[in-house]
Amino acid sequence: MASTMTRKVRRVSVLLIAASLAATCGARQPGTLPDWASPGLIGGGGWPYASQAVDPETAAGATYLPRSSVIELSDGRAFLIPFGGGAAVAMPRDDPQVATAVRNDSAWLASGTVPGRTDTERDMAARALLDLRLLTRPNGASTASWYGAWNYVWPRDAAFSAAAFTVTGHPAEARRILQFLARIQNKRGLWAARYNADGTAVSDGRGVQLDGLGWALWATWLSHQADPPGTAEPTELWTMVRRAADRMSRSLGADGLPPRSSDYFERNPDTEQDPHRPTLGVVAPILTGLRVATALAAERGATVEAQRWQSAARRVSAAIVREFKPYGYPRSPVPRGDMDAAVTFLAPPFAPPDPAVDAAVLTAEKRLALPDGGVLPGEHWQGNRTEAWTPETAMFALAAAASGRADEATGRLGWLADHRTSLGVLPEKVDRQGRPSSVAPLGWTASLVLLTFQALDHKLPTPGP
């Protein structure tokens, strides 16, 4: 029976991968998605965290054993990847391998913090942590998800995974991801849009996405705040910071803005309302990246770099106030510009509190809201306008938690908890019937949820102005 189930899962995975047409990272609508669903991953509780998707038929009536990536099937057997193996098998619940796998997963969770105030919140947080662990390779490659064209490393998403590991007390995992990012950064300070897990860039026509520079530096700074010795010693992290910060500061135009670039929408800049200037989804992370680079340089005693990057940060900040604020911080700096969730990148924990930004965040929430409680990525969204996106919903939750609006944050976390898969995993999207859709788990959503939980319990570090 076990071998039959293993063959079935392998066959389903192959069919799903073969059906893959395109993927999405963050808020991008690439086209028609294959008709499929996987409610989650299973693992084996040990290094190197082997994982495998579970098809819906196998998952029917199944549940994760508490604090683990081992599944208890509807017939009472356990389903897991035995330590050292590469494929999942079903075995009696009392098999010693099951206890070992659960013990290892639980011990890893206990080595850090599982945030949350209720059993439901702690369950969602534990699952998010275990899913991020399953999505992170031993070399630090943290993929967006397991499936097809999601199974790649976006610097943006990986940075958030590192941040989530940091705030939940898993510094080794955070450093591993940051060191991976340092290794794949080119000498000009840039990253490609996405990478294979072995660190080779994917050549698929995507241009450079400049927001990744800011997010990588923010995650490095956050990790350093939590673990100064661990992030001060590796020279490659300082080299990464210096290259990226110099690239950002040198790229600024006479108006103080960086060049136009694709952002987390992964959309051609020519399609923006202002195709000649960068979107807020690029500019805000650049500002955060320059601010944290300044702080890291000052602490390191690199006075010249600190002054140069601080000057650049002030230019970007002034440009945002001049170009975006008069219109309410829209996606593009134009009158009646569309709002999108990137406005949260100007709010805590990425920037100091600002009443005008708070007002813009609340305006964006209203304009992007769907009847079921989720949100669209942006106003006048060009994709399916009936599907809610979990990363953007979690962005608003994080902004609310970090800005002191605890009730709002808790409400959004509750919506996310209610719209997980049958195994309790956070998906990328939720359809108009309230069903999880697209890929699950999505690492970015898991990271944002963990950051939000932590922001509710403990104030997250916020870069200075």
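- Within the 3.5 Å criterion, the main-chain N or O of Gly140 finds no donor-acceptor partner in the side chain of Thr136.
- Looking at Glu236 and Arg183, no side-chain N of the basic residue comes within less than 4.0 Å of a carboxylate O on the acidic one, giving no salt bridge.
- Between Arg67 and Asp105 there is no salt bridge, since no side-chain N of the basic residue sits under 4.0 Å from a carboxylate O of the acidic one.
- Between Arg291 and Ser317 the shortest side-chain heavy-atom distance falls below 4.5 Å.
- Side-chain contact check for Val361 versus Arg405: some heavy-atom pair is nearer than 4.5 Å.
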Side-chain donor-acceptor contacts of residues 318-330 below 3.5 Å, not counting sequence neighbours, with atom names and distances?
residue : atom : partner : partner atom : Å
Arg322  : NH2  : Asp255  : O            : 2.5
Glu323  : OE1  : Arg277  : NH1          : 2.6

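- In this model, a donor atom of one side chain and an acceptor atom of the other lie less than 3.5 Å apart for Glu266 and Trp154.
- Between Glu365 and Arg412 there is a salt bridge, since a side-chain N of the basic residue sits under 4.0 Å from a carboxylate O of the acidic one.
- The closest side-chain heavy-atom distance from Leu416 to Val449 is below 4.5 Å.
- Salt bridge absent: Asp338 and Arg367 never bring a charged side-chain N and a carboxylate O closer than 4.0 Å.
- Looking at heavy atoms from C-beta onward, Pro377 lies in side-chain contact with Phe265 at the 4.5 angstrom threshold.
- Pro171 is not listed as a side-chain neighbour of Thr166, based on a closest heavy-atom distance of 4.5 Å or more.
- The aromatic rings of Phe160 and Phe350 sit perpendicular to each other, their planes meeting at more than 60°, with 30° as the lower class boundary.
- A distance-only check finds a donor-acceptor pair linking the side chain of Thr294 to the backbone of Gln310 [under 3.5 Å].
- The OG1 atom of Thr452 sits 9.0 Å away from the CE atom of Met124 when rounded to the nearest 0.5 Å.
- Between the side chains of Gln273 and Arg331, no donor-acceptor pair is found at a separation under 3.5 Å.
- Side-chain contact, Arg127 with Ser69: a donor N or O sits under 3.5 Å from an acceptor N or O.
- In this structure, Asp270 pairs ionically with Arg260, as a charged nitrogen and a carboxylate oxygen lie closer than 4.0 Å.
- Between Phe345 and Trp215, a ring centre-to-centre spacing shorter than 6.0 Å is recorded.
- The CD atom of Glu392 lies 10.5 Å from the NZ atom of Lys429; values are rounded to the nearest 0.5 Å.
- With salt bridges taken as basic N to acidic carboxylate O contacts below 4.0 Å, one links Arg194 and Asp204.
- Residues Gln52 and Trp146 fail the side-chain proximity criterion, which asks for heavy atoms closer than 4.5 Å.
- Between Glu173 and Arg133, no side-chain nitrogen of the basic residue sits less than 4.0 Å from a carboxylate oxygen of the acidic one, so the salt-bridge criterion is not met.
- Note: Asp198 CG to Tyr195 OH = 11.5 Å, rounded to the nearest 0.5 Å.
- In summary, the side chains of Tyr64 and Asp123 do not present any donor paired with an acceptor at a separation below 3.5 Å, with no hydrogens or angles considered.
- Counting only heavy atoms from C-beta outward, the side chains of Leu210 and Leu190 approach each other to under 4.5 Å.
- Counting heavy atoms from C-beta outward, Leu222 and Val167 have side chains that approach closer than 4.5 Å.
- Side-chain atoms of Glu428 and Thr445 include no donor-acceptor pair closer than 3.5 Å.
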